[in-house]
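Comments concern the structure below.
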Amino acid sequence: MVIGSSTTYIGDEIPGLKGQQVRIFAVLHGGLSPDADPDDAGFYVRLNETLERLGGVTEVDCLDIAPILPGGKSSFVHYDARPMDLECFAHLRNPSAQ
């Protein structure tokens with residue numbers, strides 16, 4: 001399960017978020033690809049079953065995340081993060097290590 005799960009943001013791309021717990025709300029399938037089409041019906045994936053059918057998260061995807069606030073609720077502010085900037089996908093930083 002990816003969507004709905006929590007992990008730690010370990011990247012440097014989003015100032016002030018490093019080391020914070022975040023929740024994954026969706027996967028923007030192929031979102032980091034130069035030919036990404038946000039109007040494509042399969043671009044914004046909100047179901048784990050759909051994500052599994054698409055082959056899971058890859059290094060060219062983007063993730064819709066939000067910081068987890070004290071008390072366990074998620075912030076209303078969302079960010080687009082690279083998968084390798086999340087602890088649960090850190091292995092994507094070095095694909096040859098898989």
Side-chain angles (χ1 to χ4, degrees):
M1 181 172 98
V2 172
I3 299 166
S5 64
S6 301
T7 189
T8 303
Y9 182 82
I10 58 172
D12 295 317
E13 300 253 329
I14 304 171
L17 203 55
K18 190 170 188 164
Q20 287 194 31
Q21 286 290 299
V22 297
R23 184 161 294 123
I24 301 170
F25 283 87
V27 175
L28 286 68
H29 188 64
L32 297 176
S33 174
D35 57 345
D37 182 5
D39 294 326
D40 183 87
F43 181 72
Y44 194 81
V45 180
R46 292 184 286 192
L47 299 173
N48 283 304
E49 296 79 13
T50 305
L51 182 60
E52 188 175 323
R53 231 180 10 257
L54 293 170
V57 175
T58 69
E59 64 274 357
V60 297
D61 292 334
C62 197
L63 299 161
D64 175 8
I65 64 168
I68 297 175
L69 303 172
K73 292 188 177 188
S74 299
S75 172
F76 68 90
V77 178
H78 286 230
Y79 299 93
D80 292 342
R82 302 179 315 165
M84 61 283 285
D85 288 341
L86 300 179
E87 188 174 57
C88 63
F89 296 112
H91 65 277
L92 293 176
R93 286 178 182 251
N94 185 2
S96 62
Q98 294 181 6

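When reading the values below, keep in mind they use all heavy atoms of this one structure, side chains included, and skip hydrogens, waters and symmetry mates. The shown structure was predicted, so the numbers you read here are calculated from the model rather than taken from an experiment.
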- Message: Restricting to non-hydrogen atoms, name the atom on Ala36 and the atom on Phe43 that form the minimum distance, rounded to 0.1 Å.
- Response: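 That closest heavy-atom pairing would be CB-CE1, 4.1 Å.
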- Atom of Ala81, atom of Tyr9 and distance for their closest heavy-atom approach: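 So the minimum-distance heavy-atom pair works out to CB-CE1, 4.2 Å.
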[Y] and [X], any side-chain heavy atoms less than 4.5 Å apart:
| X | Y | result |
| --- | --- | --- |
| Phe89 | Thr7 | no |
| Glu59 | Leu32 | no |
| Val22 | Tyr79 | no |
| Asp85 | Arg93 | yes |

- With sequence neighbours excluded, what pairs up with Arg53 under the side-chain contact (heavy atoms from CB on, under 4.5 Å) test?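 Counting only residues at least two positions away or on another chain, Arg53 forms a side-chain contact (heavy atoms from CB on, under 4.5 Å) with Thr50.
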- Message: Assigning hydrophobic clusters by single linkage (Ile, Leu, Val, Met, Phe, Trp, Tyr; side-chain heavy-atom cutoff under 4.5 Å), is Val77 placed with Leu17?
- Response: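 Yes; Leu17 is reachable from Val77 via cluster members.
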- Query: Cluster question for you: counting only ILVMFWY and a side-chain heavy-atom cut-off of under 4.5 Å, with indirect links fine, are Val27 and Phe25 together?
  - Reply: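 As far as the 4.5 Å side-chain criterion goes, Phe25 and Val27 are not connected within one cluster.
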Out of curiosity, [X] [atom1] to [Y] [atom2], how far, rounded to the nearest 0.5 Å?
| X | Y | atom1 | atom2 | value |
| --- | --- | --- | --- | --- |
| Ile65 | Ser6 | CD1 | OG | 11.0 Å |
| Thr58 | Met84 | OG1 | CE | 8.5 Å |
| Tyr44 | Leu28 | OH | CG | 6.5 Å |
| Ser75 | Arg23 | OG | CZ | 11.0 Å |
| Lys18 | Ile10 | NZ | CD1 | 8.0 Å |
| Gln20 | Leu69 | CD | CG | 8.5 Å |

- Item | Backbone N/O of Asp64 and side chain of Asp80: donor-acceptor pair under 3.5 Å |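 Looks like no, no N/O pair under 3.5 Å.
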- Message: Can you list, by chain and residue number, the hydrophobic cluster partners of Ile68 when the side-chain cut-off is 4.5 Å?
- Response: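 Under the 4.5 Å side-chain rule, Ile68 groups with nothing.
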- Of Ile24, Thr8, Leu92, Val57, the residue whose pairing with Leu86 passes side-chain contact (heavy atoms from CB on, under 4.5 Å):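 Option passing the side-chain contact (heavy atoms from CB on, under 4.5 Å) with Leu86: Ile24.
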